[in-house]
Number of protein chains: 2
Amino acid sequence: MRIGELAERAGTTTRTLRYYESLGLLPARRTGNGYRSYDEEDLRLLQQIRTLRDFGFELEETRPFVECLRSGHPAGDSCPASLEVYRRKLAELDECIARLSAIRERVGTQLAQAERARAELEAAATAPEGAPEPRCELTPPGQ
Amino acid sequence: MRIGELAERAGTTTRTLRYYESLGLLPARRTGNGYRSYDEEDLRLLQQIRTLRDFGFELEETRPFVECLRSGHPAGDSCPASLEVYRRKLAELDECIARLSAIRERVGTQLAQAERARAELEAAATAPEGAPEPRCELTPPGQ
DNA sequence: TCTGGCCTTGACGTCAGGGTCAAGGTCTAC
DNA sequence: GTAGACCTTGACCCTGACGTCAAGGCCAGA
């Protein structure tokens, strides 16, 4: 099959396939007229790449899986190098989740605190004997 | 103070400060010879930006905080626009954490499964009556 | 006066993962 | 024989937040 058909069947674009080829990730054979030629096996490799990418793997990280499949293994993650990538990714994910959770806590705390401060400010503003309102912008010049 | 000193005191670079100025985020006054001139207030604004950035806020998202400070408020998050950014960021963080957690589960499952498969394969390989080993690569031609 | 350090603007590079266009070759159907 | 769909390479564009380099201005100390 040619590049357009493969792209369509895999739900991607021809540009992407040429890009993968330029990285040596998914080389293509050529027909007599120079057109790229792919088979069902290439579709499997490509699906492996796209699946991993959807999980947030970088393209370079998908390489061991693709080479594992290409060397005849039934699954891309049958090889030690792929398992190593899985483990690295798990550690990365754990660290990232922990970092984001810590930030989430801090931002949540900041928001709650700032909301309390604002509520106090507004309460003071509605009270007739409160502090002078902060008329920052758009105060009519006549007043 | 000049750009080099501000950069050093804020723990960033002169390039970064020029970049912020090009965005209109942290404009600088100029001295007679054209050098940028900053004061302690600018340092506060810059610190606000850097703190938010460390939390993963994009530069544009820090703008309400900076403008809030610049308009005389005691804290960058005293203004409604800043609170709105906080809330948006919280939602973003929650979604991101949820997404990463789901992926983490799937990758963890995949890893465990692949490890089991490999263990079985190796057990079969050591057992003399096992299934034929997958001699994928480097099988000597004589054998 | 010279040297070294700071400053200026402008322009290009980086990283990933492609999008988009141009100019042209190929193939199929009518 | 020609229109239209497909293919080719090459080249430039995009995002974000800067890094890096070039070529030159300004200023303080020896």
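We name chains A, B, ... by the order of the sequence lines, and we start the count at 1 in each one. Keep in mind that the numbers below use all heavy atoms, side chains included, and drop hydrogens, waters and symmetry copies.
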What is the distance, rounded to the nearest whole Å, between atom [atom1] of [X] and atom [atom2] of [N]?
{"X": "B:Leu26", "N": "D:dC18", "atom1": "CG", "atom2": "P", "answer": "13 Å"}
{"X": "B:Leu23", "N": "D:dT15", "atom1": "CG", "atom2": "C1'", "answer": "13 Å"}
{"X": "B:Tyr19", "N": "D:dA17", "atom1": "OH", "atom2": "P", "answer": "6 Å"}
{"X": "A:Leu6", "N": "D:dT8", "atom1": "CG", "atom2": "P", "answer": "11 Å"}
{"X": "A:Glu60", "N": "C:dG18", "atom1": "CD", "atom2": "P", "answer": "13 Å"}
{"X": "B:Leu25", "N": "D:dA17", "atom1": "CG", "atom2": "P", "answer": "10 Å"}
{"X": "B:Glu58", "N": "D:dC18", "atom1": "CD", "atom2": "C1'", "answer": "14 Å"}

Could you go over nucleotides 7-11 of chain C and give all protein N or O partners under 3.5 Å, atom names and distances?
from	atom 1	to	atom 2	distance (Å)
C:dC7	OP1	B:Gly4	N	2.6
C:dT8	OP1	B:Arg36	N	2.8
C:dT8	OP1	B:Arg36	NH1	2.8
C:dT8	OP2	B:Arg18	NE	3.3
C:dT8	OP2	B:Arg18	NH2	2.9
C:dT8	OP2	B:Arg36	NH1	3.3
C:dT8	O5'	B:Arg36	NH1	3.3
C:dT9	OP1	B:Arg30	NH1	3.2
C:dT9	OP1	B:Arg30	NH2	3.1
C:dT9	OP2	B:Arg36	NH1	2.9
C:dT9	OP2	B:Arg36	NH2	2.5

Can you figure out which of C:dG19, C:dG17, D:dA17 approaches the side chain of A:Thr13 most closely?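 Nearest listed nucleotide: C:dG19.
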For C:dG18, does OP1 or OP2 lie under 4.0 Å from any side-chain N or O of A:Tyr20?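 Yes, within the criterion.
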With the threshold set at 4.0 Å, does a side-chain nitrogen-carboxylate oxygen contact exist between [X] and [Y]?
{"X": "A:Arg106", "Y": "B:Asp54", "value": "no"}
{"X": "A:Glu60", "Y": "A:Arg63", "value": "yes"}
{"X": "B:Arg87", "Y": "B:Glu92", "value": "no"}

Between B:Arg104 and A:Asp94, is any pair of side-chain heavy atoms under 4.5 Å apart?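 Answer yes - side chains close enough.
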Below 4.5 Å, heavy atoms only, C-beta onward: do B:Tyr38 and B:Arg2 meet side chain to side chain?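 Sidechains of B:Arg2 and B:Tyr38: no contact.
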Using 0.5 Å steps for rounding, measure from the OG atom of B:Ser78 to the CG atom of B:Leu69.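 One finds 7.5 Å between OG of B:Ser78 and CG of B:Leu69.
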